[in-house]
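Read through the structure below, which is laid out as structure tokens, and then see the notes.
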There are 2 protein chains.
Amino acid sequence: MNQLKEALETLKETGVRITPQRHAILEYLINSMSHPTADDIYKALEGKFPNMSVATVYNNLRVFREVGLVKELTYGDASARFDFVTSHHYHVICESCGKIVDFHYPGLNEVEQLASHVTGFKVNNHRMEVYGTCPECTSKEVH
Amino acid sequence: MNQLKEALETLKETGVRITPQRHAILEYLINSMSHPTADDIYKALEGKFPNMSVATVYNNLRVFREVGLVKELTYGDASARFDFVTSHHYHVICESCGKIVDFHYPGLNEVEQLASHVTGFKVNNHRMEVYGTCPECTSKEVH
DNA sequence: TAAACTAATTATAACAATTATAATTTAAGA
DNA sequence: TCTTAAATTATAATTGTTATAATTAGTTTA
């Protein structure tokens with residue numbers, strides 16, 4: 001349940017130092033359900049850490065990715081978004097406002113197997129995103 | 001069958017001028033099965049068009065995307081790749097050398113329906129990529 | 001607990017991909 | 001062929017991200 005505590009343990013186990021900045025970035029990632037960009041995180045924490053550098057945010061997101069705590073999402077032309085890894089899920093993305101909603105669906109393992117069989121690749125993982133318009137943006141549309 | 005001819009018709013129908021540069025970019029996209037980046041295209045055509053600007057490549061890829069002739073693929077941190085739209089297919093990507101192989105699989109429409117039902121989104125489309133190691137890179141691996 | 005070592009942070013510069021701007025050139029219809 | 005709007009070019013600007021070097025701060029060991 002306590003995701004932050006578990007995440008900090010992971011860092012300890014993998015020999016990654018726990019700094020106030022890392023603590024804050026992790027906390028923000030876990031609490032925000034908004035799949036923030038590096039800049040979102042930077043801006044959100046500049047009150048707490050007025051001297052923090054953007055490089056710190058990027059560095060630590062890379063570290064978190066390397067130990068498997070976060071995933072980097074790149075879609076379309078915009079900047080990358082970061083997702084604290086919990087259980088396996090996919091994303092539904094609003095093409096109008098950019099909102100990302102999680103979506104659980106268990107049935108894509110067979111696709112990996114088929115892909116491996118057809119292409120001869122050793123398959124590690126896959127990603128899927130569904131694009132559309134969220135209810136809020138749909139209701140705002142002009143008729 | 002003649003994809004270039006059809007593509008040029010599409011441009012005519014949508015009122016987009018056919019220039020030598022556009023013709024060449026489309027031709028290159030159709031013939032190359034390699035999902036090129038904008039820079040790949042730029043470099044490939046600089047023999048034919050020594051004065052062509054990168055901006056022209058980007059501009060026209062945007063135009064082609066707008067009329068539905070190409071799709072833009074962004075994955076990982078690298079630069080965008082462009083894919084001439086033919087039939088519906090997915091991509092299997094080698095994490096070692098970056099190669100992209102097409103993979104046909106018909107069964108993901110139900111995912112769209114479920115995603116729409118669960119999230120309330122009006123769903124337009126989806127994308128999926130499978131990641132792994134291609135046979136060539138697998139055989140090169142050290143044991 | 002203090003000293004020493006190593007890693008993390010900061011500030012800044014560099015970089016690469018992409019887009020914007022303004023001047024020039026060109027495709028396509030009258 | 002002439003005209004006009006659109007496309008291309010050359011260049012500058014922008015944005016997201018990474019590299020560098022100096023400083024600061026965790027952690028380990030004496």
Side-chain angles (χ1 to χ4, degrees), chain A residues 7-28 35-67 69-82 98, chain B residues 7-28 35-67 69-82 98:
Chain A
L8 294 174
E9 294 238 332
T10 303
L11 292 186
K12 228 173 189 172
E13 282 163 17
T14 50
V16 175
R17 287 189 182 166
I18 296 160
T19 66
Q21 291 89 339
R22 284 181 179 162
H23 192 283
I25 293 171
L26 272 180
E27 201 172 22
Y28 183 77
H35 307 275
T37 64
D39 199 59
D40 290 337
I41 299 169
Y42 176 64
K43 288 216 173 69
L45 299 181
E46 73 180 352
K48 218 175 196 169
F49 300 94
N51 296 324
M52 187 167 67
S53 164
V54 248
T56 299
V57 177
Y58 279 104
N59 286 339
N60 290 332
L61 288 171
R62 180 164 37 76
V63 169
F64 297 156
R65 192 184 52 207
E66 280 165 5
V67 301
L69 285 176
V70 312
K71 279 216 171 163
E72 186 172 346
L73 319 167
T74 50
Y75 75 94
D77 311 352
S79 45
R81 287 164 172 276
F82 296 87
Chain B
L8 294 174
E9 293 239 332
T10 303
L11 293 186
K12 227 171 190 173
E13 281 163 17
T14 49
V16 174
R17 286 188 182 168
I18 297 161
T19 67
Q21 292 90 336
R22 285 180 178 163
H23 192 281
I25 293 171
L26 273 180
E27 201 172 21
Y28 182 76
H35 307 276
T37 64
D39 199 60
D40 291 337
I41 299 169
Y42 176 64
K43 288 216 172 69
L45 299 181
E46 74 180 352
K48 218 174 194 169
F49 300 94
N51 296 324
M52 184 167 68
S53 166
V54 249
T56 299
V57 177
Y58 279 102
N59 285 340
N60 289 332
L61 287 172
R62 179 165 38 73
V63 169
F64 296 156
R65 193 184 53 207
E66 281 166 5
V67 300
L69 284 176
V70 312
K71 281 217 168 160
E72 187 173 346
L73 319 168
T74 51
Y75 75 96
D77 312 353
S79 45
R81 288 165 172 276
F82 296 87

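In what follows, every chain begins at residue 1, and chains take the letters A, B, ... in the order their sequences are listed. Reckoned from all heavy atoms, side chains included, excluding hydrogens, waters and symmetry mates.
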Q. Under 4.0 Å between a side-chain N or O of A/Asn59 and OP1 or OP2 of C/dA7?
A. no
Q: Could you tell me the separation between the CG atom of B/Asp39 and the P atom of C/dT19, rounded to a whole number of Å?
A: 14 Å
Q) If you round to the nearest 0.5 Å, how far is CD of B/Glu66 from CG of B/Asn60? A) 10.5 Å
Q. CD1 of A/Ile18 to NE2 of A/His23: how many Å apart, nearest 0.5 Å?
A. 8.0 Å
Q. Does a donor on one side chain sit under 3.5 Å from an acceptor on the other, for B/Thr37 and B/Asp40?
A. yes
Might you list the N or O atoms of the protein lying below 3.5 Å from N or O atoms in nucleotides 13-15 of chain C, with each pair's distance?
none

**Q.** Distance, rounded to the nearest Å, where B/Tyr42 contributes OH and D/dT11 contributes P
**A.** 11 Å
Q: Check each residue of residues 11-24 of chain B for a non-hydrogen atom within less than 4.0 Å of any atom in DNA chain D, then write out the ones that pass by number, or none.
A: B/Arg17, B/Thr19, B/Gln21, B/Arg22
Q | Value rounded to 0.5 Å, distance of CZ in B/Arg81 from CG in B/Leu61 | A | 13.0 Å
Q. How far does CD1 of B/Ile25 sit from CG of B/Leu69, to the nearest 0.5 angstrom?
A. 12.0 Å
Q.
Nearest heavy atom decides the nucleotide; on that basis, is A/Ser53 or B/Asn60 closer to the 5' end of DNA chain D?
A. B/Asn60
(Q) Quick check against the 3.5 Å criterion: does A/Arg22 have a side-chain atom that pairs as donor or acceptor with the backbone of A/Arg17? (A) yes
(Q) Considering every strand and a 4.0 Å limit on heavy-atom distances, what is the contact class for A/Ala55: base, sugar-phosphate, or nothing? (A) base
(Q) Could you tell me if the side chain of A/Leu11 sits less than 4.5 Å from the side chain of A/Phe64, heavy atoms only? (A) yes
Q. In whole angstroms, how far is the C1' atom of C/dA11 from the CD atom of A/Glu46?
A. 16 Å
Q) Rounded to whole angstroms, how far apart are NZ on B/Lys48 and P on D/dT9? A) 14 Å
Q | B/Met52 side chain, from C-beta outward: closest of D/dT9, D/dT17, C/dA17 | A | D/dT9
Q | Nearest-Å distance for atom pair CZ/P, residues B/Arg62 and D/dA7 | A | 10 Å
Q. Quick one: does B/Thr19's side chain get under 4.5 Å of B/Thr56's, heavy atoms only?
A. no
Q.
Does any part of the side chain of B/Met52, heavy atoms only, come nearer than 4.5 Å to the side chain of B/Val57, both counted from C-beta?
A. yes
Q: May I have the distance from A/Asn51 (atom CG) to D/dA22 (atom P), rounded to whole angstrom?
A: 20 Å
Q) How many Å lie between CZ on A/Arg81 and C1' on D/dG16, as a whole number? A) 14 Å
Q. For B/Phe49 and C/dT25, what is the distance between atoms CZ and P respectively, to the nearest whole Å?
A. 17 Å
Q) Is any side-chain nitrogen or oxygen of A/Tyr58 closer than 4.0 Å to OP1 or OP2 of D/dT17? A) yes
